[in-house]
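In what follows, a single structure is set out as structure tokens and then discussed.
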Amino acid sequence: MGPKGLILEILSGKEKNLKGVLNPVSATTIKQMEIMDSFFPEAHYDAKKMFELSRANRELLGYDGIMPIFSVVIEASALGCEIDWGDPSMMPRVSNKLWDDYKDIQIKDDFLSDNAVVAVLDCISMLKDRYPDIAIIGKVFGPWTLSYEVFGVSDFLMKTVEEPQEVRDILKKLSEVTLSFADAQVEAGADLITLADHATRDLCSPESYRDFLIPIHSMLAKNIKAPTMLHICGDTSDRIRYITQTGLTAFHFESKVDACEAVNLAEKKIKLIGNVNNPSTLLFKRPADVAEEVVYAIDCGVDIIGPECAVPLTTPIENLKQIATSVKDYNKRVTSKA
Ligand SMILES: [Zn+2]
């Protein structure tokens, strides 16, 4: 069984003993840009550059999956937001809010022909051709994140308190963007889809997750035509039980939630991916420390191991590689015992 087969069998629940390794969000770094000779910002919107940089996930890090979408701004760009595309040491960001209210929302018919969107789709097809045996990962943003980008974070959060019905309408409308981009990525060859929706604890209460996002995430889980991995940053222990109710395939969680606690809260209703610490362990510690965290996550019962979130751009390659080495060592031991 190849890496893609392994990941799909783990996510479907068929494979219960072996572990996988990937990052559902960006694992790229400046060092990888240098080695692959492909740099930000071009690698965000040029299919060939995106292809070259993303295949480092396999070629340099040894991961079972390749994630080519490094930024969080592709949909926002296609919707009409101005983007500051950054540089090799800085991720892109949205530089202006687009709309004030639900009634302003206009999703262009040719949304999928936007340059950055087309680059993502072309890159996924190229990866699929070159790496038929590796899990190719697509990524879309959920309507909660898209709302931050098009309405501005504070204006949108005010609405959740003052205009809950408008928020429901907004989320429903913007989830059309999420779904159509996911469909296009699956069509282009994505084996898995990351659904990133930044309903983090400091910006979204567990009750808000329950009331606004369970319905939307359930709809997306039902309609996205590939196993879908939800990513939410930060301490999500107060909403994992709600997330398990959505029918999403997997939850990619951060180290602010202890791996064993996450496994308990998930009650085997959703697969878990994560949760090696980025800002201290991967960025500053040594491979031996990384190995220790990987073993801990495996012992707790996390299904697929990887960095907890998009890695800092100066993360040492040795630490990122160690995650794969430790997972493969574990799998070898399991297989030799069988
Ligand atoms: Zn995160």
Side-chain angles (χ1 to χ4, degrees), residues 21-29 40 44 54 57 61 63 65 67-76 86 90-94 137-149 153 156-157 178 192-206 208-209 213 216-217 220 228-240 242-244 246 248-259 261-263 265-266 270-284 290 293-294 297 302-315 319-320 323:
V21 54
L22 55 74
N23 193 354
V25 294
S26 174
T28 204
T29 59
F40 288 177
H44 298 301
S54 64
N57 281 189
L61 308 183
Y63 290 3
M67 156 48 65
I69 307 160
F70 313 110
S71 79
V72 303
V73 301
I74 305 288
E75 289 95 330
M90 196 191 102
M91 282 285 189
R93 57 189 181 83
V94 175
I137 311 167
K139 184 172 79 174
V140 292
F141 284 86
W144 192 269
T145 298
L146 295 178
S147 295
Y148 290 164
E149 293 178 330
V153 176
F156 176 69
L157 291 176
T178 308
L192 313 171
I193 294 289
T194 298
L195 167 64
D197 216 1
H198 295 99
T200 4
R201 196 171 196 149
D202 44 344
L203 301 177
C204 175
S205 68
S208 286
Y209 185 85
L213 285 171
I216 295 287
H217 287 172
L220 292 169
T228 303
M229 310 174 285
L230 177 67
H231 174 82
I232 300 179
C233 299
D235 180 355
T236 46
S237 52
D238 62 1
R239 62 206 63 200
I240 289 181
Y242 291 136
I243 292 168
T244 65
T246 58
L248 287 160
T249 314
F251 179 49
H252 178 220
F253 69 108
E254 293 199 349
S255 61
K256 285 193 176 127
V257 188
D258 172 77
E261 188 192 0
V263 170
L265 289 167
I270 194 166
K271 298 286 179 278
L272 289 171
I273 306 175
N275 70 332
V276 181
N277 175 287
N278 283 352
S280 73
T281 309
L282 285 173
L283 189 54
F284 291 118
V290 174
E293 276 191 35
V294 171
V302 176
D303 303 282
I304 294 175
I305 314 300
E308 61 181 349
C309 190
V311 303
L313 292 167
T314 49
T315 307
N319 284 349
L320 294 170
I323 305 176

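The structure displayed is predicted, hence computed values, not measured ones. Note that ligands are numbered from 1 as they come in the structure, with each ligand's atoms numbered from 1 the same way.
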inquiry  = Just checking: Cys233, one of its N/O/S atoms, less than 2.8 Å away from the Zn ion (ligand 1), yes or no?
reply    = yes

note = Rounded to 10°, the NE2/His231 to the Zn ion (ligand 1) to SG/Cys309 angle comes out at 110°

inquiry  = According to side chain to side chain donor-acceptor pair (under 3.5 Å), who are the partners of Thr145, at least two apart in sequence or on a separate chain?
reply    = Asp197, His198

inquiry  = So, 2.8 Å as the limit: is an N/O/S atom of Glu254 located closer than that to the Zn ion (ligand 1)?
reply    = yes

message = If you take the centroid of each ring, where Trp contributes its six-membered ring, are Phe253 and His231 closer together than 6.0 Å?
response = no

request  = Decide if the gap between the ring center of Phe156 and the ring center of Trp144 is smaller than 6.0 angstrom.
outcome  = yes

ask   = Can a salt bridge be assigned to the pair Arg201 and Asp235 using a cut-off of 4.0 Å between side-chain N and carboxylate O?
value = yes

message = Please determine whether His252 has a backbone or side-chain N, O or S atom lying under 2.8 Å from the Zn ion (ligand 1).
response = no

